[in-house]
**Q** 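Starting off with a structure, shown below.
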Amino acid sequence: KNEVEQSPQNLTAQEGEFITINCSYSVGISALHWLQQHPGGGIVSLFMLSSGKKKHGRLIATINIQEKHSSLHITASHPRDSAVYICAVHPLTDSWGKLQFGAGTQVVVTP
Amino acid sequence: DTEVTQTPKHLVMGMTNKKSLKCEQHMGHRAMYWYKQKAKKPPELMFVYSYEKLSINESVPSRFSPECPNSSLLNLHLHALQPEDSALYLCASSPLDRAGANVLTFGAGSRLTVL
């Protein structure tokens with residue numbers, strides 16, 4: 001069983017819609033990453049969170065450490081937001097960047 | 001410079017070839033990583049170098065040989081690979097300001113095809 005679960009697996013939205021991706025994890029963590037990967041491409045780190053909320057442009061990430069849950073929100077979605085979004089956690093037991101990854105959420109935003 | 005640069009972007013090799021993947025960063029990061037990613041799967045950690053020393057080898061077959069010549073460079077030497085080794089190989093680095101959570105900066109990846 002994967003210790004990091006993401007939902008939904010796939011998501012299609014129309015341009016302008018509000019998108020939410022959820023991530024639940026079962027281990028104690030020191031931080032959580034939200035990553036973005038475009039088709040065939042490398043990975044971009046969007047956020048690293050250990051508490052609360054972060055905002056960058058149209059992206060908002062929140063985390064509730066007690067509930068072991070994080071969400072990534074995309075406001076006013078755009079076709080260029082089409083990508084795979086991956087949640088990854090730093091378990092407390094690991095020190096050297098041994099991230100545990102979720103399976104990813106494929107997001108498609110149509111014009 | 002806030003990038004991790006990987007070369008080549010694409011590599012096709014036969015099972016008897018010897019090739020290398022290269023990764024470079026000039027952010028002063030002291031931890032560097034190799035990940036392997038198969039299609040539609042999350043990345044899998046292969047190796048971690050911290051302060052130019054191999055810290056983690058995730059039981060990777062010896063046909064993959066990492067090398068960290070200095071704090072800015074990370075190589076992955078490939079020899080006698082199998083077709084199932086075809087994947088996207090991602091390099092990443094992090095600052096190691098404190099143990100545990102560090103923001104990783106990923107490269108664009110090297111897409112390897114083994115014939």
Side-chain angles (χ1 to χ4, degrees), chain A residues 1-7 9-10 21 23 25 27-52 54 56 61 63 65 70 83-108, chain B residues 2-7 9-10 21 23 25 27 29-51 53-59 74 87-113:
Chain A
K1 181 182 183 297
N2 195 354
E3 290 169 330
V4 182
E5 298 283 346
Q6 282 187 238
S7 63
Q9 286 186 319
N10 297 282
I21 304 167
C23 176
Y25 52 91
V27 296
I29 68 169
S30 55
L32 179 147
H33 285 263
W34 281 103
L35 309 168
Q36 179 194 56
Q37 187 170 33
H38 282 100
I43 290 176
V44 173
S45 181
L46 299 174
F47 297 103
M48 187 179 78
L49 294 160
S50 52
S51 66
K54 286 190 176 180
H56 186 259
I63 189 168
I65 294 289
S70 177
V84 175
Y85 293 84
I86 305 170
C87 170
V89 301
H90 284 276
L92 282 170
T93 52
D94 287 311
S95 304
W96 297 111
K98 285 183 71 174
L99 296 173
Q100 289 188 9
F101 293 87
T105 296
Q106 174 78 62
V107 171
V108 174
Chain B
T2 58
E3 289 186 346
V4 173
T5 303
Q6 288 189 244
T7 55
K9 290 195 182 338
H10 300 275
L21 305 180
C23 174
Q25 57 87 15
M27 295 176 281
H29 289 178
R30 302 309 299 271
M32 296 185 76
Y33 312 79
W34 279 116
Y35 284 88
K36 173 182 176 179
Q37 187 179 28
K38 302 284 275 185
K40 298 189 186 300
K41 298 287 187 184
E44 299 171 19
L45 183 65
M46 300 174 72
F47 302 104
V48 181
Y49 274 81
S50 57
Y51 300 101
K53 288 187 171 25
L54 184 64
S55 300
I56 294 175
N57 176 341
E58 291 287 283
S59 302
L74 184 66
L88 181 68
Y89 288 84
L90 291 160
C91 175
S93 68
S94 67
L96 269 187
D97 292 332
R98 56 189 171 98
N102 281 272
V103 178
L104 269 68
T105 302
F106 284 88
S110 293
R111 184 159 301 281
L112 174 67
T113 302

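Proteins come first, then strands; the chains are lettered A, B, ... in the order of their sequence lines, and each starts at number 1.
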**Q** Tell me, side chain or backbone of B/Glu44 under 4.5 Å from chain A's heavy atoms, or both, or neither?
**A** neither
**Q** Please identify, among A/Val84, A/Ile29, A/Ile43, the residue contributing the most non-hydrogen atom pairs under 4.5 Å to chain B.
**A** A/Ile43
**Q** Need one label for A/Leu35: side chain, backbone, both or neither, based on atoms under 4.5 Å from any heavy atom in chain B.
**A** side chain
**Q** So, taking the atom named OG in B/Ser94 and the one named NE2 in A/His90, what distance separates them when rounded to the nearest 0.5 Å?
**A** 7.5 Å
**Q** With only heavy atoms counted, which part of B/Gln6 is less than 4.5 Å from chain A, the side chain, the backbone, both or neither?
**A** neither
**Q** Please look at A/Gln37 and chain B and tell me whether the side chain, the backbone, both or neither of the residue comes under 4.5 angstrom of a heavy atom of that chain.
**A** side chain
**Q** Does B/Lys38 NZ have over 12 foreign heavy atoms under 6.0 Å away?
**A** yes
**Q** Heavy atoms only: give me the nearest A/Gly102-B/Pro42 pair and the separation to one decimal.
**A** O-CB, 3.4 Å
**Q** Of the non-hydrogen atoms in B/Leu90 and A/Gly42, which two are nearest, and what is the gap between them?
**A** CD2-CA, 4.0 Å
**Q** Is any side-chain heavy atom of B/Tyr35 closer than 4.5 Å to one of A/Leu99?
**A** yes
**Q** Picking from B/Gly109, B/Ala92, B/Pro43, which has the most non-hydrogen pairs under 4.5 angstrom with chain A?
**A** B/Pro43
